[in-house]
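Below is one structure, written out as structure tokens; comments come after it.
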Amino acid sequence: MTLGEFDLINRYFAGLGAPTSALALGIGDDCALLSPASGDQLAVSTDTQVAGVHFPAGAEPDLIARRCLRVNLSDLAAMGASPLAFQLALTLPETDEHWLAAFSAGLARDAAGFACPLSGGDTTRGPLSVTITALGAVATGEALRRDGARAGDRIYVTGTLGDARGALEVLTAPPSEANDYLLQRYWLPRPQLAAGMELRGIASAAIDISDGLLQDLGHITTASGLGAVIEVESLPLSPALVELAGDSRAREWALTGGDDYELCFTVPPGHEQAMRAAMAAAEVAVTPIGRLVSEPGVRCLDASGRDIAVTGRGYSHF
Ligand code: ADP
Ligand code: MG
């Protein structure tokens, strides 16, 4: 409580993340100054995480920090942008130095790991909430948007789906090895930055899966004026999720569970080979899960080609 606002910023946030040439002026003035390479567009995305809504109120502060930064970097990944810097708007109920030290250490670790320094922010008092604005760069006109897909393009996802949904089941259960994997998937999502950058000029559309595959793929189909068919048996599932939930529930969670932060992207027929090479270069596993069609809506088919009704439609806040 004795720590003033400026001491707090200096102690816990100044100089967080390694300096880069793109961040010409960081924390301490009225604005930060960024110098993106000429010919680049600035990609900007903001995400707020509220205690008790987006993460459990008593969660480890370093995990809260890292998860919030990674969630924002995932949006840059989905556009094919590379990180430049990020802004942090922090609302704190009190000045708890143990909490701040752990939060700052977690944030510093990932800021360094993703080469994305903290460029500034705001600090206010109130119920705990963390807002991060990620700033990235992408060559003009090359960003991966939601509206570029065409009928006949194949739909791919990176990694495995449903793990973060599985983690919600085990958050209160006693720890085990499989649970550790799922919890890690929830707390430390891996923004697919390398994949996103490699997919520029190859994928026709992309999105990161934050609210569940059905809902997020639905954003691509709506923006592109199309529909999609998903082959449910092809969804990539982790062994840990199948062990926890069984095959059928794991598939349902892969379709509707949020918080995985994998990429869903679409590939025109002529770009399949380039995509395979690009994903090999990024060392990212990808799985084809269906295709885009001209009839609107997202259909789910079982192994014998019959329609499946999916109960949930992903996590919806309202
Ligand atoms: P102003 O009143 O001009 O908005 P502030 O007093 O809010 O300035 O902030 C002073 C400096 O500290 C600014 O450079 C701002 O970006 C930075 N800052 C404030 N809060 C944070 C935070 N939580 N994390 C990082 N930088 C912060
Ligand atoms: Mg301010």
Side-chain angles (χ1 to χ4, degrees), residues 1-37 40-77 79 81-137 187-189 191 193 210 261:
M1 286 304 203
T2 50
L3 191 68
E5 184 186 336
F6 297 108
D7 292 332
L8 183 156
I9 294 163
N10 281 332
R11 192 168 302 173
Y12 296 110
F13 298 115
L16 195 147
T20 62
S21 55
L23 181 57
L25 183 64
I27 290 170
D29 213 316
D30 293 308
C31 290
L33 296 174
L34 297 172
S35 307
D40 278 1
Q41 286 178 311
L42 200 55
V44 183
S45 173
T46 298
D47 218 281
T48 295
Q49 306 273 310
V50 178
V53 179
H54 301 95
F55 57 84
E60 299 289 337
D62 62 321
L63 292 178
I64 296 171
R66 296 175 72 191
R67 182 165 185 273
C68 195
L69 178 55
R70 287 164 180 243
V71 163
N72 274 273
L73 294 178
S74 176
D75 282 318
L76 295 185
M79 298 295 285
S82 61
L84 284 176
F86 71 101
Q87 296 278 117
L88 167 69
L90 189 57
T91 304
L92 297 170
E94 61 189 335
T95 314
D96 174 344
E97 291 221 46
H98 287 292
W99 193 95
L100 275 164
F103 182 88
S104 163
L107 204 58
R109 179 171 172 183
D110 274 358
F114 293 104
C116 186
L118 179 60
S119 55
D122 198 23
T123 310
T124 53
R125 192 173 292 258
L128 176 61
S129 106
V130 184
T131 298
I132 285 180
T133 298
L135 304 152
W187 282 112
L188 299 173
L193 289 158
S210 54
Y261 298 100

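All ligand and atom numbering here is 1-based and tracks the order in the structure.
In the vicinity of Ile27, heavy-atom distances shorter than 4.0 Å reach the ligand 1 atoms 12 (O), 14 (O), 17 (C), 25 (C), 26 (N). Interface atoms of ligand 1 facing Asp30, defined by a heavy-atom separation under 4.0 Å, are 3 (O). Residue Asp29 has at least one heavy-atom neighbour below 4.0 Å for each of these atoms of ligand 1: 13 (C), 14 (O).
Both the backbone and the side chain of Thr123 come within 4.0 Å of ligand 1, judged by heavy-atom distances.
Heavy atoms of Phe6 come nearer than 4.0 angstrom to ligand 1 in at least one pair.
Looking at ligand 1, you'll find an N or O of Gly121 within less than 3.5 Å of one of its N or O atoms. Taking only nitrogen or oxygen atoms, main chain and side chain alike, Gly28 reaches within less than 3.5 Å of ligand 1. Checked by distance only, ligand 1 and Ser119 stay at 3.5 Å or farther apart across all their nitrogen or oxygen atoms.
In plain terms, the two heavy atoms of Arg67 and Trp187 that are nearest each other are CB-O, 3.2 Å. Gln87 and Ser119 make their closest contact through OE1-OG, 2.7 Å (heavy atoms, listed as atom of the first residue, atom of the second, distance).
Between the side chains of Thr123 and Glu5, no donor-acceptor pair of N or O atoms lies under 3.5 Å.
Inter-residue side-chain proximity for Leu92 and Leu100 is flagged as met; some heavy-atom pair is nearer than 4.5 Å.
Formation of a donor-acceptor pair under 3.5 Å by the Asp96 side chain with backbone atoms of His98 is found in this model.
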I'd like to know whether Ser104 forms a side chain to side chain contact (heavy atoms under 4.5 Å, CB included) with Leu16, so could you lay out the CA-CA distance, the side-chain angles of the two residues, the decisive distance to 0.1 Å, and finally the verdict. CA-CA 8 Å; Ser104 163; Leu16 195 147; 4.0 Å; yes
